[in-house]
Amino acid sequence: MKAQMKRLGFGYDWSREVTTCLPDYYKWNQWFFLKLYERDLAYRKKSKVNWCPKCATVLANEQVVNNGHCWRHEDTLVEQRELEQWFVRTTKYADELLRDLDRLPGWPEKVRTMQRNWIGRSEGTLVDFRLDSAAGEAITVFTTRVDTIFGATSVQLAPEHPITQKLADADAGLRVRVDQLIAEQSKAKERGDIGEIEKHGVNTGNFAMNPYNGERVPIWVANYILMDYGTGAIMSVPAHDERDYEFAKKYGIEIRQVIVPSDGSDRNVRPAQSDGLPFTTLDGKLINSGEFTRLSCEEAIKQMSAFAEQRGVGKATVTFRLKDWGISRQRYWGTPIPMLYCEKDGIVPVPEKDLPVILPDNVDITLTGGSPLGRVAEYLNARCPKCGGPAKRETDTMDTFVDSSWYFYRYTDAHNNHAPFDSKIAQYWFGDRGIDQYIGGVEHAILHLLYSRFWTKFMRDLGLIKNDEPVERLFTQGMVIKSGAKMSKSLGNVVSPDEMVAYFGADAARLYSLFAAPPDRDLDWQETGIEGIRRFLGRVYAFFSQVPVESAANAPGYSVGDLTPNARAVLRKLHQTIARISEDFKGRWHFNTSVAALMELLNTCTAAPELFRAGDDAAPAAFCAHVQRTFVLLLAPFAPYLAHELWETIGEKENLLKAPWPKFDPELAKEEEIEIPVQVNGKLRGKIVVAPGTPEEEIFAKALADPNVQSFIAGKQIVKKIYTGKLVSIVVR
RNA sequence: GCCGGGAUGGCGGAAUUGGCAGACGCGCUGGACUUAGGAUCCAGUGCCGAAAGGCGUGCAGGUUCAAGUCCUGUUCCCGGCACCA
């Protein structure tokens, strides 16, 4: 990989290379982990986790893609397993991660939207529905539409909800039904089609009280209620929620309308006209809602949340879709999590001075199931740093996204033995706004980019850095598609550039990949067309071989005024090309047009062979040398090998990489005469050629005199004449 | 269902700000050179038409002297999210 990059002539500073699987890097992962743990940002909990059978390890939520498939193995369904795992409290930063998206104008809107959706902030109200049972227990529901609560005609629980479980424990019949619902949900989750399964549920026969009107409503358990969102319990308002409506229709639960359109129309007022229900927009006002009747929805939400708080039956709240980041992996390759389990002292962190916890090298990684590290006795058995007694090491390793969450800071100070990096050095490179320009595939829009944003905020709070965000400007490359499938390391259908480099050369491979499509677009990789690139490079080489070798430095000067029209045309094209390529480098990065511009420049040069022919004095040697030299400089970023060779050919002694980028001279780029298209009634009818700055009247006169234009205006009345500086438009009737 | 992005010749793509649609390259056609051509060079190449001219940027409308570009509606493709309460 490294050799490939070098062969392709990429200019990386390899002295800053970091290798995340070596202890001098992962030591700092462990150090960060201890800091997370100290700050209660890392914790252990038992929970349902995503398990990829092919990876034989756990995956974070973000790493489950495409309806429940593994992000590494898109053909493999992820299973749900109950495991004790380490989590990082990304949710603690949920608000900030969401808010700061608005401060990233240099990010594609697409990525920001994806992150916003992923974080999924939702404002709502928690309301307690007290159970009939003596203990004063209550079901807490989460709703974004507390204004509809007078229309609540049942409470719906997730099958896994603790109260469901409690009710089921007391009712064997219910237990059977509930277990069915759980099985069904987890299957659907594995298949990834939860959301498409038909809504159904079971009435528990119990009741809970709506604190707003004292009404007792039946408690149901339903398969469309998810335990891991909100509180796992909802109030069901069939008149104003589509899902509740569907459910109520099916089971004959009462549908009670409490919102009507605020425009005064009577649509949807009578429940008998049930076609119009559910009415779900916020643009309405309340009816049948006690003291809140007649309020607008928005006002009602405010007042009714406040009401809940005053009565101690609920409060306004915010929930997130974002979950904590599960970082435990049952794999060998990864950073060992620096934790110990002591019989006496429980969970004990490895002291900082004992870092790094080194990954043992005598591990049999061919076995599957469970953490490989658990099978290495020398690794597993340790001493408790507190009591000195026997302790077991944590055998899970960290998600590799931990490595990539901060590696770019390590680049600033890659060989630091005392800290992940020196704050001052990081500050020098990153300033307050982070990486000037980051490049990556869209596939990392929520994984890597969310984790590294979190990590940056965490490091800022540790006092290591000052910037709030890791990346100021983000550019998302398109994916490379190969016969219909995206090309990626994990899919293993990567086209190696080696063959292309061997056959056509590194320059051709570089130019080809740039020329094929702009970088933000997906590229369907097919190798037709590289011949054209090779031809182009051959023509460049030929162009330089036929020209007299003359160093620009040695040649006497020349005056632009003395140049032949052809030579001036070349000079003009040269400067237009400088402008175009410089523009492409400024952030648009459409290098496909840069390459096209170089081709055009060469075409212009070779179209005037007399200028560059040995023994022909159609142009001064200094002019030729200037054109050649500039051409090489423009070519260099794209085809560095050929450029270096040509640089020597033309007698340059200085290092090409140190030569300044050519300067654009707008005077030299300016056309001496411009061609102006003439339209009659919006259709192109002729073209006139004038000098720049020709007055408008003269242009119109010339335009009207054009014979073809004449034939279209003859006998008609001119209604309007427009000259924009680029084009003449004549309207006749 | 919701949120993004896209659709331009036979193909990849260009048109950066409402101003000549198709730059540049591939492919194709014809020609030159050649023992040879899968090398190189020259010419042509959006569609219809002999020409004049007409038509043409997914589809249907609209605004404008002028629309690939702006507005309304719509179809299809790609990506993301999804019983999110």
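Protein chains get the first letters and strands the later ones, always in sequence-line order, with residue 1 at the start of each.
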How many whole angstroms separate atom [atom1] of [X] from atom [atom2] of [N]?
X      : N     : atom1 : atom2 : result
A/W118 : B/A82 : CH2   : P     : 6 Å
A/I581 : B/C24 : CD1   : C1'   : 12 Å
A/F591 : B/G12 : CZ    : C1'   : 19 Å
A/L322 : B/A82 : CG    : P     : 12 Å
A/Q185 : B/A85 : CD    : C1'   : 14 Å
A/Q115 : B/C81 : CD    : P     : 12 Å

Please measure how far the [atom1] atom in [N] lies from the corresponding atom in [M], and state the result in whole Å.
N     : M     : atom1 : value
B/G31 : B/U17 : P     : 45 Å
B/A43 : B/C11 : P     : 25 Å
B/C41 : B/C33 : C1'   : 8 Å
B/G46 : B/A21 : P     : 14 Å
B/G37 : B/A23 : C1'   : 31 Å
B/U72 : B/G6  : P     : 16 Å
B/C81 : B/G13 : P     : 25 Å
B/G10 : B/G58 : P     : 13 Å

TODO: Compare all side-chain heavy atoms of A/Q115 with those of A/W107 and state whether any distance is below 4.5 angstrom.
DONE: yes
Applying a 4.0 Å non-hydrogen cut-off, can you work out what [X] is touching in the nucleic acid: base, sugar-phosphate, or nothing?
X      : result
A/T113 : sugar-phosphate
A/R685 : sugar-phosphate
A/N708 : sugar-phosphate
A/I530 : nothing
A/R121 : nothing
A/T144 : sugar-phosphate
A/I730 : nothing
A/R521 : sugar-phosphate
A/P518 : sugar-phosphate
A/D244 : nothing
A/D241 : nothing

TODO: When you get a sec, tell me which of B/U40, B/G12, B/G19 is the closest nucleotide to the side chain of A/F515?
DONE: B/G12
Open item on the list: Suppose we call two aromatic rings close when their centres sit under 6.0 Å apart. Are A/W325 and A/F401 close by that rule?
Closed with: no
Do we see a donor-acceptor contact under 3.5 Å between the side chains of [X] and [Y]?
X      : Y      : value
A/T144 : A/S122 : no
A/Q180 : A/Q185 : no
A/R733 : A/N681 : no
A/Q63  : A/N50  : no

- [ ] Establish, with yes or no, whether the OP1 or OP2 oxygen of B/A15 is under 4.0 angstrom from a side-chain nitrogen or oxygen of A/R588.
- [x] yes
Task: Phosphate OP1/OP2 of B/C26 contacted by A/R535 side-chain N/O (<4.0 Å) - done: yes
Task: Dot-bracket pairing map - RNA chain B, Watson-Crick plus G-U, both contacts under 3.5 Å, | cross-strand - done: (((((((..(((......[....)))((((((.......))))))(((....)))..(((((..]....))))))))))))....
TODO: Kindly say whether, by distance alone, the side chain of A/K687 makes a donor-acceptor pair under 3.5 Å with the base of B/C20?
DONE: yes
TODO: Spell out yes or no: do the side chain of A/K199 and the base of B/C83 have one donor N/O and one acceptor N/O closer than 3.5 Å?
DONE: yes
Open item on the list: Once you measure the plane-to-plane angle for A/F700 and A/Y723, does it fall in the parallel (<30°), tilted (30-60°) or perpendicular (>60°) bin?
Closed with: perpendicular
- [ ] Just say parallel, tilted or perpendicular for the rings of A/F638 and A/F591, cut-offs at 30° and 60°.
- [x] perpendicular
Task: salt bridge (charged side-chain N to carboxylate O under 4.0 Å, His left out) assessment of A/E671 paired with A/K573 - done: CA-CA 9 Å; A/E671 297 288 348; A/K573 191 71 179 180; over 6 Å; no
